[in-house]
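As the structure lists them, so they are numbered: ligands from 1, and atoms in each ligand from 1. Since we're looking at a predicted model, the values are computed, not measured.
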Amino acid sequence: MSYFRDNIEKMSGYIPGEQPKDGIYIKLNTNENPYPPSPEVFRAIKEAVNETLRLYPDPIATAARIKIAQVLGTRPEYVIAGNGSDDLLSIIIRSFAGTGDTVVFPYPSYMLYKTLAELQDASEYAVDFTEEYSLPGDFIVKGAKVTFLANPNSPSGTMISPGEISKIASQVDGVLVIDEAYADFADDNCLSLVEQHDNILILRTLSKSYSLAGIRFGFCIAQESIIQGMMKVKDSYNVDRLSITAVVAALDDQKTMRANVEKIKETRQYLAQSLQELGFYVYPSQTNFILAKCMRGVSAHHVYQALKSRKILVRYFNIRRLDDCLRITIGTREEVEILLRNLKELISNNHAKSKVAYCP
Ligand SMILES: *Cc1c(COP(=O)(O)O)cnc(C)c1O
């Protein structure tokens, strides 16, 4: 006998990428930034470690919201802060979808959307992206309460244009959540659509471009009535004192973030070209990772395992449409060189030497 609700009993739960305990891996599997955050972040956190830690933090993270509004050119009333954008995704699903409600997301995309729908016992529609990762006509599902769209998408790295997203926002019945975790690595974003559409919610995180995955801070931008409603749903103190301090310092130093993003974009270009030369199909990336499809005859799973045994972690998804692909986070230039050297060894023309990578 189970004490759990039926939908919880049946679901398998979200499985995050591996976080090995020993630090000896070249870690290219969970899209962390290879560069350190702004030194101002360390200074600010050290300064904040004092007796005020006995006090609860500001429940609505006012200092962070003001700084976000200033940096992005919006108003603090349009911003809600969360313990990572995953916290905001959880607030969103609880705010807008209940048992049996329709929840829509594309496939393949961020796997958490499916988990959130299952938690609510909602009715989920996973709509296949086209082969080139554009959106099919049936992405708009009548009566949907929540439609999720990671843009740029993970794990494809591809992007839908803001113009197209504006049209979708006008057509969907409920809210349209644009998860912009990778926006700082992209050429465009949907921030300006918030003024025109009262059903658009933009999600951002400091985990990727700001090198602060360990801090757990994300935020959502939407019109004031949406933000006010979400405030009722969130935990009272969902962002701690040290995080608020760290985030204000990180946002204050745009220069460090921009410089890191530029380095990553350069390395992305280099990795994409090198993977193509090795025979991979490379999806056009607007993110800090690349989805690479293995050439015919090569097993992505074997390559993943062989790399892991050589202490290089990349992401392998054993699911439809992705089981012949590897998702590779853009590391430092040095890390990427080591990866490429190992890939060359595994996928050389010499099958006898490298048959580990090939399909049985
Ligand atoms: C990394 C990622 C997140 C999670 O971000 P956190 O702020 O670390 O919780 C959300 N959505 C997508 C698409 C991501 O890739």
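- The nearest protein atom to atom 9 (O) of ligand 1, hydrogens excluded, is given as R216 NH2, 2.8 Å; this is a heavy-atom distance.
- Side-chain contact of E337 with Y270: a donor-acceptor pair under 3.5 Å is present, judged by distance alone.
- At the shortest separation from atom 15 (O) of ligand 1 among protein heavy atoms lies Y182 OH, 2.6 Å.
- With 3.5 Å as the limit, one finds no donor-acceptor pair spanning the side chains of K208 and T205.
- Using a 4.0 Å cut-off between heavy atoms, D179 contacts ligand 1 through its side chain alone, with no backbone atom that close.
- Y35 carries K263 over the face of its six-membered ring, with the cationic atom under 6.0 Å from the centre and within 45° of the normal.
- Protein heavy atom at the shortest distance from atom 5 (O) of ligand 1 is S85 OG, 3.0 Å.
- Nearest protein heavy-atom neighbour of atom 2 (C) of ligand 1: K208 NZ, 2.4 Å.
- For the atom pair CD1 of I26 and OG1 of T332, the computed distance is 7.5 Å after rounding to the nearest 0.5 Å.
- Interface of G84 with ligand 1, defined as ligand atoms under 4.0 Å from a residue heavy atom, comprises 7 (O), 9 (O).
- Contact check for E32 versus S207: no side-chain heavy atoms found under the 4.5 Å cut-off.
- Of the N or O atoms in S154, none lie within a sub-3.5 Å distance of an N or O in ligand 1.
- If you check which protein heavy atom lies closest to atom 8 (O) of ligand 1, you get S207 OG, 2.6 Å.
- Residue, atom and distance of the protein heavy atom nearest to atom 4 (C) of ligand 1 are D86 OD1, 3.3 Å.
- With rounding to the nearest 0.5 Å, the separation of CG in L203 from CG in L89 is 5.0 Å.
- Below 30°, between 30° and 60°, or above 60°: for Y283 and Y281 the angle between ring planes is above 60°, a perpendicular geometry.
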